[in-house]
S.K.: 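Please see the structure below; I have some questions.
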Amino acid sequence: MILPPLRYITSFASILSFAWAQVPWPGAVPLAIRSPHFNSWLATSGPPRNWPTYWNGRVLGWLGYIKIDGVTWEWLGITENATALVKIGITPTRTILTFTAGPMEIEVTFLSPIEPTDLVRQSFPFTYMYLTANATDGASHSVQVYSDISAEWVSGDSKNEVTWNTTPGDDLVFHQVQMASPSPMQEFNDQAEDATIYYAMANSPNMTWQTGVDAVVRGQFGRNRTGGLLNTEDTNFRVISNNWPVFGLALDLGNISEISTPVVWALGVVRDPVINYGSGGGKIQPRSSFFWTQYPTIRDAIGAFVKDFPNDYADLVSLSVRQTIGGVDITISNGTDGQWNTSDVMMFMKSIDDSSRTNPTEFMFSAFPAYLYLNATWAGFLLRPSLQQQAAALPASAYAMPDLGSTYPVALGNTSTAGTEALAIESSGDMIIMALAHAKVSGDGSLISSYYTLLKSWANYLAANALNQTRFISSDGQSNPNLAIKGIIGIRAMGEISQIVGQADDASRFKDQASAMLQDWENQSILSNHITSTYGQSASWGLIYNLFSDRLLKLDFITQKIYGDQTAFYAMQIPTAGRYGIAYDSNALDQVKSQWTMLTAATTTDNSTRDDIISLVRARAWLNNSTLKFPTDYNAASGLAIKTGGRSSPAQGAMFAFLSLNLPDRSIQASAPSGVGGGDSERTSSKRNIGAIIGGALAGVAIISLAVLYFLLWKYRQKRRVQTPIPSLDPFYPHSDVPAAENPSNLHPLRKGDRNLHSQYIRQSAIDSLTPGALVPQRRKSSLHQHSRSRSIPTYGPLNISEPSATSESRDAASSSSAARDLRDEVENLRREMEEIRAQRIYGDEAPPQYQ
C-alpha cells in the first residue's frame, strides 16, 4: 500500500525535521552534473522532502520508490511515505544518500563519471543513479524498486508541448522525451529548449516500464504487490504541466535480504549540435559532442553507457570538479566529407548563473588550475575557440575579447560595443597567461606558435595601457593595482612565449618592458606595506589574486617581500572578516568571491594564514541554511548568494590553485611562429595528438583537492579491491564527528585565539602537506595489458593515508611530511585501480546487472 503524504503526518515530520537540523550537511548537494544544460541538485536544508532542481532552483521531476513487503517508501521526490535520510556522503564523482525504510537500509548513489583521458566518455552527457540495500533484521523481504522522471527536464517552460516514445530491447529499455517544437540554441529559465531526455535501464525478465499521468504510473507501482508496471505507452502528447507525464522504470527483486548488485538507472540530456561557433568569414559552424565519433546512433551510445557501469569506480577528482567539468561542452566538427574531424576538438564554457556568456575569459582564468591539473590538453581545447575566432576576425582587434558571445550556446563572437575595451587589460592578460600555462604544463607549443602574432599584439596593447589608472576595469568592476599587475605579468609571460618560439628580440623587449612597469607599479600601488585597491589610498585593500599567475608560471617576477607583506596583511584581516570569507575588496566589505579567495590563498607564504583563508571558504561550502548551490559570490556574514552569484559555476575550478602550483613543466614542442595569427601550424602540427590525452594527476585529485576545498575533512577509505562487487559507500566527509552548531555565532572558525574551538567545530586538514613538490606522483611502468578500448593510463603504487590530527597545534614538520607521503601513496593507488579496472575489461565486456 501507499501511505498518506508526509505533510499529513505531522508527528513524523517534526521528528524528521529535528533530526535533520542536527546534521551539518551542505545546503544542497549535486546529483547529476554533466554539461552546462545537465545540472541537477538536491536541497538538504530543512526537512529532507525536496524535488531535485536545476541549478537555478527550478523543479526537475525525479522520483524514487522502494516497496518492502507491500509497503511503498519514497527515497527521492515529494509524494508519499518518506524514508528517513540518515547520512549524506560526497566523493569526487558521487553523492551518496543513506536511508532507512522499515526493516531495510538503502543507499542511493548519484554518479557523474569524470574521464579526463577519454573524450568519448567524458563528452557523453549521461549520469548513473544506482541503489543497494540490506535488511537490518537479517530476514528476507519482498523488494521492488521504481524510479521515474517527468517532462520538466525537457524545457524551462512547463507550458510547452512535449512528445515521447519508449524503445524496449533485449538488453536495454529507454524512454525518450523532447519538445514537440524545439527551439535550437535557445534557453528558457536557463534550460535548453532543444534537448532530448533519455531515461534507461538494463532489461531483464522482472523489469517493467510505463509512461503516462504521474498519479497513474506511480499508482500502478503502488497498487501492484510485486511493483509491476504495464509496459504501455501513453500516446496523448501534451504540455508538460497537463496531467504531468512521467516515464517510469521498475524492477522486481523478489525475496531478498540484501541488494548486493546495484540496481542502475541511466539519465541523459542530449543536444545536437551543442553550440554554434563563428569560425570566421561570417561562417557559422554547428559543433557536436565528441561521443558521436564512436557511436553512430544514440541507442548504441546508451547501450554502451549502461553496459559500462563500473563496479569499483575510483575517485578521480574533487567535488568542485563536477561544477568545473559540468560547465563545458566538448565538441567536434563534421567535415565536408561527412566524417567527424577528430583533430578539431573545442571546449565551450558557459558562465552559469552569471550572464550566460560563452567562454568568458575571467571564468576560464579562474577555472584554469583545474583543467591544467586534470588534463592540460583540455586547457588547450578551451583556449582554441577564442584564439581561432579572434585570429580570423577582420579587422583584428588590438586586445582580447572578454567572451565569444553573450548568449550560450551561440558563440558567434563578442558583438558588444559598450564596455568591451574597458575589459581589455583583464581579457588580454588572461589569454596570454593561460596560453603560456597550457604550453608549460602540457608541453604542447602549437597554440603559442600558431597564434604568436595575435598574442604579441595583445601584449603590445598591455605594454601601452596596463598602468592606466582610470580607463580600464576588471570583471569585478574595479580599476585598481590588482588589474594592472595582471597586465604586467601578461607582458612578462609574453616574453617567455617569445623565447620559447625563438623570437629573441621580442623576448628581450617584453621582459624589459615588464620589469620597468613593475617598478612603476610598486611605486604607485604599495602603501603602508600592502598593495592598495584604490590608487593613492593607503586604507584601501583587496585580495590581490592576480599575483597567482606569477606563481603558476614560475616566473619569479614578483619579489618575496611583496608576497610576505601581503600574507601578513591578510592575516590581520582574518579576525574581523565575515564568517564565510574575507571581502575581495575594501570597497565591497560584505562580498566574498570564492574563486579569487582561493587564488589569493595560493600566494600566501605561511601555512597558518593560508589555512585560515581556506577554512572560511569551506565553512560556506558546508553551509546548511540555504538551498542555493555553492556560489562564487556571496555575502560574507550570511553566506547567501548574491544575485547572479555563480551558483554551480565552473569558476570553482580555482579550488585547484594549490595543486596546479606543483605541476612540473614539460619540454615544450614549438615551431617558429606562423603567419598573421591564422593558426595554420596548429592545424597541421604533427605534435598534436587528440587520442593521447596528457593526463596530469588523474585520480589523486579527489583526495588532495578536497583537502584544499574542505580543509581536511575526509577520512581514509579502506583500500578497495578491484574485484569488490560494490563501491565503498562510506561518506567522504566524517560528518559524525562535527558537533551541531546550536549557536553558530559562537563558532566563528577563525578568530585569533579561538583555534582550539575551531578544531572542535571542524576537523583540521592535511593542508600543511601541500608544500611545493609534495603532490607530484611518481610514475611507474605498467605490466598490465590494456583493453583495446582504453587509453594508455600510467600505473601507480599503493596507498595509505592516516587520519589527520584534530588540532593544528599538534602537527609538526614530521607529521606534515608523513601526510605528504600518504597523499602521494593515495594518488598512486587510485591511478593503479583505474588501470586495473580497464585492463580486466570491466568496462565494456561485462553484461549489465541481471535480476532473477
S.K.: So, S366 side chain and Q595 main chain: donor-acceptor pair closer than 3.5 Å or not?
M.R.: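 Such a contact is absent between S366 side chain and Q595 backbone.
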S.K.: Are I574 and T609 side-chain neighbours, meaning at least one heavy-atom pair lies under 4.5 Å?
M.R.: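 A side-chain contact under 4.5 Å exists here.
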S.K.: Ignoring hydrogens, what is the shortest heavy-atom contact between P481 and S525? Give both atom names and the distance.
M.R.: CB-OG, 3.2 Å
S.K.: Can Y399 and E426 be counted as having a side-chain donor-acceptor contact under 3.5 angstrom?
M.R.: no
S.K.: Have Q503 and K456 got a donor and an acceptor in their side chains that come within less than 3.5 Å?
M.R.: no
S.K.: Below 4.0 angstrom, N of the basic side chain to O of the carboxylate: do D344 and R287 qualify?
M.R.: yes
S.K.: Mind checking whether L404 and S386 have side chains closer than 4.5 Å, heavy atoms only?
M.R.: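 With C-beta onward as the side chain, the pair touches.
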S.K.: Do E187 and S356 meet the criterion of a side-chain donor-acceptor pair at a distance under 3.5 Å?
M.R.: yes
S.K.: Mark yes or no for whether T331, through its side chain, and S289, through its backbone, hold a donor-acceptor pair below 3.5 Å.
M.R.: no
S.K.: Can you list the steps and then say if L483 with Q478 is a side chain to side chain contact (heavy atoms under 4.5 Å, CB included)?
M.R.: CA-CA 8 Å; L483 175 63; Q478 308 289 324; over 6 Å; no
S.K.: Indicate yes or no: at least one non-hydrogen side-chain atom of H37 is less than 4.5 angstrom from one of K350.
M.R.: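 With C-beta onward as the side chain, the pair touches.
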S.K.: Answer whether the closest heavy-atom distance between the side chains of Y451 and P673 falls below 4.5 Å.
M.R.: no
S.K.: To the closest 0.5 Å, what do you measure between CZ (R492) and CD1 (I497)?
M.R.: 11.5 Å
S.K.: Taking side-chain contact (heavy atoms from CB on, under 4.5 Å) as the criterion, tell me which of S288, S35, S123 meets it with I330.
M.R.: S123
S.K.: Please check this pair: side chain of S660 against backbone of A657, looking for a donor-acceptor N/O pair closer than 3.5 Å.
M.R.: yes
S.K.: Ignoring hydrogens and geometry, is there a side-chain-to-backbone donor-acceptor pair from D194 to P184 under 3.5 Å?
M.R.: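 Absent.
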S.K.: Please determine whether side chain to side chain contact (heavy atoms under 4.5 Å, CB included) holds for the pair D565 and K561, giving the CA-CA distance in whole Å, both sets of side-chain angles, and the decisive distance to 0.1 Å.
M.R.: CA-CA 6 Å; D565 288 348; K561 183 180 187 305; 2.6 Å; yes
S.K.: What residue among T605, I544, T604 forms side-chain contact (heavy atoms from CB on, under 4.5 Å) with Y563?
M.R.: T605
S.K.: The test is side-chain hydrogen bond (donor to acceptor under 3.5 Å, both in side chains); show your working for W458 and N460 and say whether it passes.
M.R.: CA-CA 5 Å; W458 294 344; N460 287 332; over 6 Å; no
S.K.: Does the side chain of D329 reach to within under 4.5 Å of the side chain of Y408, using non-hydrogen atoms?
M.R.: yes
S.K.: Just checking, any donor-acceptor pair under 3.5 angstrom between side chains of N414 and D403?
M.R.: yes
S.K.: Are Y580 and N635 close enough that a side-chain donor and a side-chain acceptor fall under 3.5 Å?
M.R.: no
S.K.: Distance only, no hydrogens: is a donor on one side chain within 3.5 Å (strictly under) of an acceptor on the other, for D190 and W55?
M.R.: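 No, W55 and D190 have no side-chain donor paired with an acceptor closer than 3.5 Å.
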S.K.: Is a donor from one side chain sitting under 3.5 angstrom from an acceptor on the other, for Y452 and S498?
M.R.: yes
S.K.: I need the M347 CE to F290 CZ distance, nearest 0.5 Å.
M.R.: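 Going from CE on M347 over to CZ on F290, the span is 12.5 Å.
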S.K.: For residues L119 and W378, determine if any side-chain heavy atom of one lies less than 4.5 Å from a side-chain heavy atom of the other.
M.R.: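 Side-chain contact under 4.5 Å: yes.
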S.K.: Any ion pair linking K440 and E496 (charged N to carboxylate O, less than 4.0 Å)?
M.R.: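 Salt bridge absent between E496 and K440.
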S.K.: Please check this pair: side chain of T358 against backbone of A411, looking for a donor-acceptor N/O pair closer than 3.5 Å.
M.R.: no
S.K.: Search all heavy atoms of R620 against all heavy atoms of Y634 and return the closest pair with its distance.
M.R.: CG-CZ, 3.4 Å
S.K.: With no hydrogens and no angle check, is any side-chain donor or acceptor of R357 less than 3.5 Å from a backbone partner on P402?
M.R.: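 Confirmed, R357 side chain pairs with P402 backbone.
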S.K.: Looking at V345 and R384, what are the two nearest heavy atoms and their distance?
M.R.: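 It is O-NH1, 2.7 Å.
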S.K.: Applying side chain to side chain contact (heavy atoms under 4.5 Å, CB included), run through N276 and Q285 and close with a yes or a no.
M.R.: CA-CA 6 Å; N276 277 347; Q285 181 187 80; over 6 Å; no
S.K.: Quick check for you: to the nearest 0.5 Å, what is the distance between E362 atom CD and S351 atom OG?
M.R.: 7.5 Å
S.K.: Can you see which heavy atom on I448 is nearest to which on A435, and at what distance?
M.R.: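 Residues I448 and A435, closest heavy atoms: CG2-O, 3.7 Å.
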S.K.: Under a plain distance cut-off of 3.5 Å, with no hydrogens placed, do W521 and N523 share a side-chain donor-acceptor pair?
M.R.: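 Distance-only check fails for N523 and W521.
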S.K.: Hey, mind stepping through D633 and Y584 against side chain to side chain contact (heavy atoms under 4.5 Å, CB included) and telling me if it holds?
M.R.: CA-CA 10 Å; D633 299 6; Y584 78 95; over 6 Å; no
S.K.: Any chance you could measure T600, atom OG1, to L547, atom CG, to the nearest 0.5 Å?
M.R.: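 T600 OG1 to L547 CG: 8.0 Å, rounded to 0.5 Å.
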S.K.: Is D585 close to N480 at the side-chain level, that is, under 4.5 Å between some pair of heavy atoms?
M.R.: yes
S.K.: Hey, is the main chain of M401 close enough, under 3.5 Å, to the side chain of Q390 for a donor-acceptor pair?
M.R.: yes
S.K.: Are D430 and M364 close enough that some pair of their side-chain heavy atoms sits under 4.5 Å apart?
M.R.: no
S.K.: Between F656 and Y371, does the ring centroid distance fall short of 6.0 Å?
M.R.: no
S.K.: Can you find a side-chain donor-acceptor pair between T532 and Q537 that sits under 3.5 Å?
M.R.: no
S.K.: Below 4.0 angstrom, N of the basic side chain to O of the carboxylate: do R509 and D512 qualify?
M.R.: no
S.K.: Is there a donor-acceptor pair under 3.5 Å between the side chain of H438 and the backbone N or O of L372?
M.R.: no
S.K.: Would you say the side-chain atoms of S540 pair up with the backbone N or O of T534, donor to acceptor, closer than 3.5 Å?
M.R.: yes
S.K.: Between OG of S183 and CZ of F188, what distance do you get to the nearest 0.5 Å?
M.R.: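 Reported to 0.5 Å precision, the distance equals 10.5 Å.
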S.K.: Where the side chain of N482 meets the backbone of N546, is there a donor-acceptor pair that is under 3.5 Å apart?
M.R.: yes
S.K.: With a distance cut-off below 6.0 Å to the six-membered ring centre and an angular limit of 45° from the axis, does K486 pair with F365 as a cation-pi contact?
M.R.: yes
S.K.: Once rounded to the nearest 0.5 Å, what's the spacing between atom CG of L616 and atom CE of M598?
M.R.: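 The CE atom of M598 is 10.5 Å from CG of L616, to the nearest 0.5 Å.
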S.K.: Do you know the tightest heavy-atom contact between I614 and A601?
M.R.: CG1-CB, 4.2 Å
S.K.: Please report the shortest heavy-atom distance between L467 and A484, naming the atom on each side.
M.R.: CD2-CB, 4.5 Å
